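Below: the structure, in structure tokens.
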2 protein chains.
Amino acid sequence: MEALDLIDRKIVAELMRDATLPVAQIGEKVGLSQTPCWKRIQRLQENGVLTSRVALADPAKLGFGLTIFVGIEAPDHSAEWREVFVRAVNAIPEIMEVYRMAGEMDYLLRIAVADMAAFDTLYKRLTDAVPIKNVTSHFAMERMKFTTAYPVDTRNR
Amino acid sequence: MEALDLIDRKIVAELMRDATLPVAQIGEKVGLSQTPCWKRIQRLQENGVLTSRVALADPAKLGFGLTIFVGIEAPDHSAEWREVFVRAVNAIPEIMEVYRMAGEMDYLLRIAVADMAAFDTLYKRLTDAVPIKNVTSHFAMERMKFTTAYPVDTRNR
DNA sequence: TGTGAAAAACACGGCTC
DNA sequence: GAGCCGTGTTTTTCACA
């Protein structure tokens with residue numbers, strides 16, 4: 001898989017912003033007509049550049065108004081612990097993001113739940129499933145910005 | 001706007017997972033035929049439950065392989081500072097998520113950039129635009145989980 | 001790679017129950 | 001509310017430059 005040219009980047013940028021646009025219109029914006037634009041989109045999907053198309057929803061309106069970031073310190077750095085941990089976070093759908101970190105904090109989780117009671121339940125469930133050395137929870141009061149669109153068109157290549 | 005019934009929740013769940021499904025198929029899954037299903041989707045969009053449809057992309061393949069979480073402590077809690085801060089984070093597209101937090105850390109940012117050099121540039125740009133009392137950067141080594149689909153179908157109502 | 005045009009699938013909206 | 005069915009778009013495919 002070679003690097004993306006400018007047109008590919010523009011296409012990706014458009015689709016990350018709004019995936020409802022008809023192919024013809026995207027083509028227009030990037031200076032291509034339907035078919036070649038469509039072929040590029042297919043290729044971008046096959047190459048795994050575009051992974052999926054989803055609807056984004058308002059968490060508050062779905063009853064997921066509480067966001068908590070949880071920092072986790074592992075008791076050891078064995079493959080076994082890691083495996084159990086991966087299994088546990090994948091089994092809990094309220095855990096939206098998981099990052100393995102550099103530094104003291106080993107993992108960082110973003111969790112979305114309805115309220116404190118739901119978080120408490122989840123917290124117990126997680127700590128029951130996996131031995132954890134240290135946990136620090138940080139509560140979000142307000143989501144001020146959220147995007148899934150990487151700024152690909154800002155940069156040249 | 002009233003609460004969502006079970007069918008609405010199922011529809012939202014499907015669309016958050018995969019927005020390419022034809023309405024007829026979603027209808028089938030939730031036990032509805034085309035038209036009523038379509039009408040519900042329209043209503044969910046009008047109510048702001050479904051906010052948008054986007055393509056998700058692989059950050060690494062777009063040249064955004066480095067994720068950094070940045071904790072920020074504000075020098076004061078004035079409306080003025082807040083305004084300048086909001087303007088600054090909105091002007092920097094590499095800042096993907098911003099949360100106002102409870103506790104010592106006032107704000108938490110998730111930033112996606114190509115490499116350390118790009119982060120350094122961004123860091124200077126941010127700290128030049130806004131006076132900040134304290135900044136702590138946490139570097140992610142690996143993104144182990146990432147989803148935008150809230151687990152709406154797991155819970156009953 | 002790009003063009004054009006045709007086929008298949010789909011979204012959308014009127015009308016009925 | 002839900003379902004049936006027609007119409008206009010859009011996606012998808014194919015033949016050709």
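Within every chain, numbering begins at 1; the chains are lettered A, B, ... in the order of the sequence lines, protein sequences first and strands thereafter. Remember, it's a predicted structure, so these values are computed and weren't measured experimentally.
Atom CZ in A:R53 sits about 12 Å away from atom C1' in D:dT10, given to the nearest Å. Note: CD (B:Q25) to P (C:dC10) measures 7 Å, nearest angstrom. For B:E28 and D:dA2, the CD to P distance is 17 Å, given to the nearest whole Å. Going from atom CG of B:L6 over to atom P of D:dG1 covers 15 Å, rounded to whole Å. Atom P of nucleotide D:dA2 and atom CD1 of B:I26 are separated by 15 Å, given to the nearest angstrom. Taking atom CD of B:Q42 as the reference point, atom C1' of C:dC10 lies 13 Å away to the nearest angstrom. Atom pair B:L15:CG and C:dC10:P shows a separation of 15 Å (rounding to whole Å applied).
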Dot-bracket, 5' to 3', for DNA chain C please: Watson-Crick or G-U pairs under 3.5 Å, [ ] where pairs cross earlier ones, | where the partner sits on another strand, dots elsewhere.
||||||.||||||||||

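Shown here for B:M96 and A:T148, the closest heavy-atom pair between the two residues is CE-C, 4.0 Å. Across every non-hydrogen atom of B:G48 and B:T51, the tightest pair is O-CG2, 3.7 Å. Residue A:I11 comes nearest to A:I41 through the heavy atom pair CG2-CG1, 3.7 Å, listed as atom of the first residue, atom of the second, then distance.
Counting only heavy atoms from C-beta outward, the side chains of A:M105 and B:F69 never approach each other to under 4.5 Å. Side-chain contact between A:D8 and A:R43: present, with at least one pair of heavy atoms (C-beta onward) separated by less than 4.5 Å.
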Measure all distances between protein nitrogen or oxygen atoms and nitrogen or oxygen atoms of nucleotides 2-5 of chain C, and list the pairs falling under 3.5 Å.
| residue | atom | partner | partner atom | Å |
| --- | --- | --- | --- | --- |
| C:dT3 | OP2 | A:S33 | OG | 2.6 |
| C:dG4 | O6 | A:T35 | OG1 | 2.8 |

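Between atom CD1 of residue A:I26 and atom CZ of residue A:R40 there is a gap of 13.0 Å, rounded to the nearest 0.5 Å. Put simply, CG on A:N47 and CG on A:L4 are 8.0 Å apart, with the number rounded to the nearest 0.5 Å.
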A:E14 and A:L21: side-chain contact (heavy atoms from CB on, under 4.5 Å), yes or no, with the steps?
CA-CA 8 Å; A:E14 286 301 331; A:L21 290 163; 3.7 Å; yes

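Checking the phosphate oxygens (OP1, OP2) of D:dT11, no side-chain nitrogen or oxygen of A:W38 falls inside 4.0 Å.
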